[in-house]
Amino acid sequence: MAEAVRPRPSEVLPPVTERIGPLAWLRHNLFSTWYDTLLTLVVLWLLYVTLVPFFEWAVLNATLSGESKDDCAPGGACWALIRVRFGQYMFGLYPDSERWRVVLAFAILVAAMVPLFLPRMKRRIAWAVALILWYPPVAYVLFAGGWFGLEPVETANWGGLFLTLVIAGVGITTSLPLGILLALGRRSEMPTVRAVCIVFIEVVRGVPLVTVLFMASVMLPLFLPPGVTIDKLLRALVGVSLFASAYMAEVVRGGLQAIPKGQYEAAMALGLSYWQMMRLVVLPQALRLVIPGIVNTFIGLFKDTSLVTIIGLYDLLGMARLITTDPAWLGRHAESYLFAAFGFWVFCFAMSRYSMYVEKVLAAGRERR
Amino acid sequence: MSADTDPIIVMRDVHKWFGEFHVLRGIDLDVRRSEKVVICGPSGSGKSTLIRCINGLEDYQRGEIVVDGIPLDGDVKHLDAVRREVGMVFQQFNLFPHLTVLENLILAPMYVKHMPRREAEELAMQLLERVKIPEQAHKYPGQLSGGQQQRVAIARALCMRPKIMLFDEPTSALDPEMVKEVLDVMIELAEEGMTMVVVTHEMGFARSVADTMVFMDQGEIVEKAPPSEFFTNPRSERTKLFLSQILHH
């Protein structure tokens, strides 16, 4: 045994300076063999031919202010477009004078969400539930108006990032509880409940969201009595929420299946009812296991909101496209779409980071199972 | 009949099938208040299934089970009532890993009995003292040894102030050096007069604690006798064979 521990001469490591430091790192990771070297050089060349022109276009030759495309320097990005139309990217066609209401509503939300970032999970859940109950009515009154002397704003005029956040927010907050109920229903011992849940999940997952939205917008009015209309946005919200909840149900079911039978039995033996068992014992463990899957669904949902364009609602992406059709800015697609993409990325990235943070907090709570 | 002889658990001709498999074949068993019944038998003999029937974790297809006067007849109210009277300890502990020890203990008193949190916590701490691990109250189950986890599980069941305690092979998943600490708690509980039904292979425990030994094989109760008789003079050949297998190694 002692023989094996002592390094043979060939295993003796080279001096420290040749093992660590940037040069050694380069040699080890980028140039260790001839094909590594070749790959490194090819990649460097690709980066050079793509990033350098992009940098020149986006930064060096960019125009930051101006009133139309004619003010923009050729060969450079025209960020003036974003600047001039920023309000529309954010709010769509929401009237200028009323935009403070949207800002106020989001400010209230941000303030109310601060406790969710404090690392005390129990209170956090109670607070989140309370928030889900009181915030939507407040936000609705501010957004739509019509009460307390607020001027009514039709949902058709809602747009831009604001609309994206409304749809995604409603979708996220309804799809999780609905998804949980569907997942529980799918595992229920009651045949009717189970059948209904399975059919719903499989049908909704089996069709594209575009179809659901299209049906909600074109087909649904055909079945309603004449004169009765349901708000277009409301139909989109219902469609997106149901769609997302079907996916969420399967994510949650994955978590439920990972909980050992003994947990159910211990809860039942203590006399907990079915809902107490689920709420206090099973779901807290199951949901914790599938946080990455839940957030994955949220992120997918957030980006899917851009599909509402096909029923004539202008979310951030729809607005970005609409703006490029303005003759004053004709042909400035790249700037507009890049800005929209950046907007989506900021929110999706934030969700992803938040989920990692929550996982870390929960993992710190108990070192091992 | 006096309260002493009046059985608290009555099983009459209980039959259970898992699909085609006939697990329990006509079980007749009475347990008196304060009686300690130890059930043993080879694996697959139906002993776990039997005690799981007593608190309705398993249903049965024929016969009758009455616990403290409440029939287990498929009525959910009866089931809930029985489960309030009966505590259970499992082989795999089945503590709730996302809750601390204290939270594990106060969960059922708070949500099933609607006990105020402070009262539930006081009760929980008393019981943790009794199983000799009050200092672990704020740890998570995953941070405890197997023996400690099983003692927490016993305390958790006792938190509901049950009249009957069921033990389903409580020491089988433990490392050998931890078996004693769990058995000691069980012996103490027995001395306090708890009605206990225990499935175990710990024959030393059975000999010193049991009032009645039950030997099961192939879904039937083969022999039922006080330990003095059961260990020294078993009547059935199957019991003799089983005892020789587990006692001589």
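Reminder, nothing fancy here: chain letters follow the sequence lines and each chain counts from 1. Note that these values count all heavy atoms, side chains included, but never hydrogens, waters or copies made by symmetry.
At a threshold of 4.5 Å between non-hydrogen side-chain atoms, the residues B:Val112 and A:Gln276 count as touching. Residues A:Leu280 and B:Leu99 are not in side-chain contact: their nearest non-hydrogen atoms beyond the backbone lie 4.5 Å or more apart.
Within a 6.0 Å radius of CD in B:Glu177, other residues, nucleotides and ligands contribute more than 12 heavy atoms. Heavy-atom neighbours of B:Phe18 CZ from other residues, nucleotides or ligands within 6.0 Å: above the threshold of 12. Heavy-atom contacts from other residues, nucleotides or ligands closer than 6.0 Å to CZ of A:Arg353 number 12 or fewer.
Side chain of B:Gln92 to main chain of A:Gly262: no donor-acceptor pair is present (N/O by atom type, distance under 3.5 Å, no hydrogens or angles).
Neither the backbone nor the side chain of B:Val82 comes within less than 4.5 Å of any heavy atom in chain A. Residue contact with chain A, scored on non-hydrogen atoms closer than 4.5 Å, involves the side chain of B:Arg52 exclusively. When heavy atoms are compared at a cutoff of 4.5 Å, B:Leu79 does not approach chain A at all.
Residue with the most contacts toward chain A among B:Met160, B:Arg156, B:Arg84: B:Arg156 (heavy-atom pairs, distance under 4.5 Å).
Taking each heavy atom of A:Ala269 and B:Met88 in turn, the nearest pair found is CB-CB, 4.1 Å. Taking each heavy atom of B:Phe96 and A:Ala266 in turn, the nearest pair found is CE2-CB, 4.0 Å.
Atoms CE and CG, on A:Met268 and B:Asp80 in that order, are 11.5 Å from each other to the nearest 0.5 Å. Taking NE2 of B:His98 as the start and CG of A:Leu289 as the end, the distance is 11.0 Å to the nearest 0.5 Å.
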